[in-house]
Amino acid sequence: REMRNFSLVLILGLLLLSTGSIVAQSLSIGPGVVFQQENEFEGGHLRVYYSAPKWFSFGPEFTYYLPTLYSGQDADNNDVLREERLWSADFNLHIDFRICKLLTVYPVLGGNYTRLYQYSGLATPEGEPVEDPFERNYIGLNLGAGIQLFPDRVGPFFEYKRVVSTYDQ
């Protein structure tokens, strides 16, 4: 629980310090933080976008989620630990609608590849999980929307994205 609180503080700090875009001609690099709502994963995000004309942009994105440890009991009341690690790679397209000089809104459409690692089993006396690895790959469709403040210079962007796949995020 303390680790989760520390992670949350660290991520909020990174959000305040680094969420934004570095604009160089028609290329933008945007670091950020993410929160995967359904399973409460949090992590870091990086995207590199190319703006073709002023209304169209596309590029790859990479997200790494912090490892998450779950604890509980099985049917025989044995303590069970499960650790999940998750990362994803995306390629998205935005169609930018300039609302005013300071604000652009855009829909998000793209593809997603997610890699899930899950380690679970009965806990040892030292509290370490017994390895029982489970690894899965998921392919999905990204749908969402976002806003970019100060689109002509360094400025924050905020985005909501839903991944439609067999592993919904």
Side-chain angles (χ1 to χ4, degrees), residues 4 7-70 82-119 133-169:
R4 185 177 268 310
S7 299
L8 187 57
V9 169
L10 178 65
I11 286 173
L12 288 174
L14 288 173
L15 174 66
L16 294 173
L17 293 175
S18 68
T19 300
S21 294
I22 301 168
V23 179
Q25 304 242 337
S26 57
L27 186 68
S28 66
I29 300 171
V33 296
V34 293
F35 180 71
Q36 195 265 6
Q37 188 173 359
E38 201 161 309
N39 295 315
E40 298 185 2
F41 288 118
E42 57 230 2
H45 181 79
L46 181 66
R47 69 182 191 178
V48 179
Y49 270 71
Y50 175 77
S51 297
K54 289 203 176 262
W55 57 272
F56 179 85
S57 58
F58 60 91
E61 301 183 17
F62 179 77
T63 305
Y64 176 79
Y65 296 92
L66 298 172
T68 304
L69 188 63
Y70 300 95
R82 183 178 86 226
E83 180 182 85
E84 291 185 352
R85 296 173 183 256
L86 183 72
W87 64 266
S88 66
D90 303 284
F91 191 88
N92 290 319
L93 167 70
H94 298 168
I95 298 174
D96 301 324
F97 297 99
R98 189 75 168 252
I99 302 301
C100 65
K101 192 172 187 174
L102 303 177
L103 178 67
T104 297
V105 298
Y106 54 88
V108 175
L109 177 64
N112 169 273
Y113 170 77
T114 299
R115 180 78 170 165
L116 171 69
Y117 301 91
Q118 193 176 77
Y119 305 94
F134 168 83
E135 299 178 13
R136 270 284 154 79
N137 300 307
Y138 301 94
I139 302 293
L141 175 69
N142 294 330
L143 301 170
I147 62 172
Q148 168 81 42
L149 300 175
F150 312 112
D152 293 330
R153 58 179 199 258
V154 175
F157 63 93
F158 305 93
E159 206 170 84
Y160 174 81
K161 179 175 59 180
R162 178 76 178 173
V163 179
V164 181
S165 75
T166 52
Y167 181 77
D168 284 334
Q169 301 180 52

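Residue numbers count from 1 along this sequence.
At a threshold of 4.5 Å between non-hydrogen side-chain atoms, the residues R162 and N142 do not count as touching. Using a 4.5 Å heavy-atom cutoff, the side chains of Y106 and W55 are not in contact. By the 4.5 Å heavy-atom criterion applied to side chains, E159 and V108 are counted as neighbours. Y113 has its side chain within reach of N137: a pair of non-hydrogen atoms, C-beta onward, lies under 4.5 Å apart. Proximity of N92 to K161: side-chain heavy atoms (C-beta onward) are separated by under 4.5 Å at one or more points. In this structure, Y138 and L116 have side chains that are in contact, with non-hydrogen atoms separated by less than 4.5 Å. Between D96 and S57, the closest side-chain pair of non-hydrogen atoms falls below 4.5 Å. Using a 4.5 Å cut-off on side-chain heavy atoms (C-beta onward), L103 and L149 make contact.
With respect to R85 and E135, no salt bridge is recorded, no charged nitrogen being found less than 4.0 Å from a carboxylate O. Electrostatic pairing of R47 and D90 does not count as a salt bridge here, judged by no charged N lying under 4.0 Å from a carboxylate O.
In this structure, CD in E84 is found 13.5 Å from OH in Y117, a value given to the nearest 0.5 Å. Note that the OG1 atom of T104 and the CZ atom of F97 stand 11.0 Å from one another [nearest 0.5 Å].
Using bins of under 30°, 30° to 60° and over 60° for the plane-to-plane angle, the ring pair W87/F62 lands in the tilted bin.
Between S165 and I139, the shortest heavy-atom distance links the atoms CB-O, 3.2 Å. Between F91 and P60, the shortest heavy-atom distance links the atoms CD1-N, 3.8 Å. In plain terms, the two heavy atoms of N112 and S88 that are nearest each other are ND2-CB, 3.8 Å.
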Run the side chain to side chain contact (heavy atoms under 4.5 Å, CB included) test on L143 and L109 for me, step by step, so that the C-alpha distance in whole Å, both residues' side-chain angles and the decisive distance to 0.1 Å come before the verdict. CA-CA 5 Å; L143 301 170; L109 177 64; 3.6 Å; yes

Give the C-alpha distance, both sets of side-chain angles, the deciding distance and a yes or no for side chain to side chain contact (heavy atoms under 4.5 Å, CB included) between L46 and Y64. CA-CA 9 Å; L46 181 66; Y64 176 79; over 6 Å; no

Working note: T63 + L86, criterion side chain to side chain contact (heavy atoms under 4.5 Å, CB included); need CA distance, chi angles, decisive distance, verdict. CA-CA 9 Å; T63 305; L86 183 72; over 6 Å; no

Passes side chain to side chain donor-acceptor pair (under 3.5 Å), Y49 versus E61? Steps please. CA-CA 8 Å; Y49 270 71; E61 301 183 17; 2.5 Å; yes

